[in-house]
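Please read the structure below before turning to the comments.
To find a chain, count down the sequence lines: A is the first, B the second, and so on, and within it residues start at 1.
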Protein chains: 2
Amino acid sequence: MARTTDAPYVLDAQVGFLMRKATQRHLSIFAAHIPDLTPTQFATLAKLYERGPTTQNALGRATAMDAATIKGVVDRLRARGLVASAPDPADCRRVSVRATAEGRRAFEGHARAAHAITRETLAPLTPAEQEMFLRLLARLG
Amino acid sequence: MARTTDAPYVLDAQVGFLMRKATQRHLSIFAAHIPDLTPTQFATLAKLYERGPTTQNALGRATAMDAATIKGVVDRLRARGLVASAPDPADCRRVSVRATAEGRRAFEGHARAAHAITRETLAPLTPAEQEMFLRLLARLG
DNA sequence: TGGTGATTGTTCGTATGCAAACGGATGTTG
DNA sequence: CAACATCCGTTTGCATACGAACAATCACCA
């Protein structure tokens, strides 16, 4: 006899499913505003712009990317000339990554669009709700 | 209010970045509870369990997956015997997908864990905050 | 009935994302 | 100084994701 107290599993009410759908909508908004860069690529440029030259793995940690993932992102950015990397003279294991002039221009040229993306993603909520949502969301990271 | 200067772009305060980190944490929790199925695979089984035989593309829409994505998921589930597909006699274009007995057992065996995953993902928030968060999140999908 | 537009599933290419295993370099400690 | 643990970057394998293009099929309507 099944336990009558078991709540049914409703997929559309699960956090994971709702987050996946919200992320999909956000990615769609992002692509509409910045078609030539992916969110992770832009995040990487933003962090380099903010911190200057950074070790590849540290860059991955700063952008919440796996070592294997940040490598692919840096590779693609380097192939497009937005980023350059050089071995760290102090530590042969390390690779120092920096944004090129073109990379910095790319970030600056998209900064306004980036703000618009955040605004548009949160647009269904009132300003008070937006602040509340971001506060709660940050605690789930 | 006239803005004379652009607000700085702080990556760690952007919705997209916070959602990515929250999703990463959720995926980690999911993998710890259900190591033998991915979230999309489990979602697919859940929908089939709830709706019975479903067209492949309709299944994709119900689980928020691209036609190309749901194909891969169904392929892998079928390779493991959790799902079976047959051509729809009424419409030769369609493929009807259904859960096998083993697939239904897999879903039932993980239903409790699935609830635990949602609980654990939301654990950093109070019950009132959890409800608020889900309500706001649903409006961003 | 015949054509046209929409739907269905497939394939390809690109880009995350993570686990695991690996070799090399560095630093620490006994 | 030698053994060891740790960190760094790389590679491979698997699994999402999506856009775009495509062929087959269906539905509708002139």
- Message: Let me spell it out: for each of A:Ser96 and B:Ala64, pick the nucleotide of DNA chain D with the closest heavy atom. Which residue's pick is nearer the 5' end?
- Response: A:Ser96

- Task: Go through the steps for A:Lys47 and A:Glu50 under the test salt bridge (Lys or Arg N to Asp or Glu O under 4.0 Å), then give the verdict.
- Result: CA-CA 5 Å; A:Lys47 270 296 170 192; A:Glu50 168 189 327; 3.3 Å; yes

- Which pairs pass salt bridge (Lys or Arg N to Asp or Glu O under 4.0 Å) with one or both residues in residues 130-141 of chain A, sequence neighbours excluded? A:Arg139-B:Glu129

Please tabulate the protein-to-nucleotide N/O contacts below 3.5 Å involving nucleotides 11-14 of chain D, giving atom names and distances.
none

- Please, which pairs that meet salt bridge (Lys or Arg N to Asp or Glu O under 4.0 Å) have at least one residue in residues 22-34 of chain A, sequence neighbours excluded? none

- Query: Taking the side chain from A:Thr100 and the backbone from A:Leu82, do they hold a donor-acceptor pair closer than 3.5 Å?
  - Reply: yes

- Between B:Asp36 (CG) and C:dA19 (P), how many Å, whole number? 16 Å

- Using a 4.5 Å cut-off on heavy atoms from C-beta on, say whether the side chain of B:Ile34 contacts that of B:Leu37. yes

- Message: Tell me every residue that passes salt bridge (charged side-chain N to carboxylate O under 4.0 Å, His left out) with A:Arg80, counting only those two or more places apart in sequence or in another chain.
- Response: none

- Rounded off to whole Å, could you give me the CD-to-C1' distance for the B:Gln41 and D:dA17 pair? 14 Å

- Note on the structure: Contact check, residues 102-109 of chain A vs DNA chain D, heavy-atom distance under 4.0 Å, returns none

- Remember a base hit wins even if backbone is also touched, and classify A:Thr38 as base, sugar-phosphate or nothing at under 4.0 Å, heavy atoms. sugar-phosphate

Pair up each side-chain donor or acceptor in residues 14-21 of chain A with any protein partner under 3.5 Å, not counting sequence neighbours, and list the distances.
from	atom 1	to	atom 2	distance (Å)
A:Gln14	OE1	B:Thr118	OG1	2.6
A:Gln14	NE2	A:Val10	O	3.0
A:Arg20	NH1	B:Ala64	O	3.3
A:Arg20	NH2	B:Thr63	O	2.6

- Pairs touching residues 45-87 of chain A that satisfy ring pair (Phe, Tyr, Trp, His ring centres under 6.0 Å), sequence neighbours left out: A:Tyr49-A:Phe107

- Item | B:Thr54 side chain vs B:Gly52 backbone, donor-acceptor pair below 3.5 Å | yes

- Message: So B:Thr40, base contact, sugar-phosphate only, or nothing? Heavy-atom distance under 4.0 Å.
- Response: sugar-phosphate

- Query: Between D:dC8 atom P and A:Leu59 atom CG, what is the distance in whole Å?
  - Reply: 13 Å

- For B:Leu27, the rest of its hydrophobic cluster, which grows through side-chain links under 4.5 angstrom: none

- Enumerate the residues from residues 12-32 of chain B whose closest heavy atom to DNA chain C is under 4.0 Å, giving them by residue number; use none for an empty result. B:Arg20, B:Gln24

Could you go over nucleotides 2-8 of chain C and give all protein N or O partners under 3.5 Å, atom names and distances?
from	atom 1	to	atom 2	distance (Å)
C:dT7	O2	B:Arg93	NH1	2.5

- Nearest whole angstrom, please: distance from the C1' of D:dT16 to the CZ of B:Phe42. 18 Å

- Note on the structure: Residue pairs meeting salt bridge (Lys or Arg N to Asp or Glu O under 4.0 Å), one or both in residues 52-75 of chain B, sequence neighbours left out, come to B:Lys71-B:Asp75, B:Asp75-B:Arg78

- Note on the structure: By nearest-heavy-atom nucleotide on DNA chain C, the more 5' of A:Ala90 and A:Met65 is A:Met65

- For A:Arg76, which residues count as a salt bridge (charged side-chain N to carboxylate O under 4.0 Å, His left out) partner, sequence neighbours excluded? none

- Query: Passes side chain to side chain contact (heavy atoms under 4.5 Å, CB included), B:Arg98 versus B:Leu48? Steps please.
  - Reply: CA-CA 6 Å; B:Arg98 64 179 180 80; B:Leu48 286 178; 5.7 Å; no

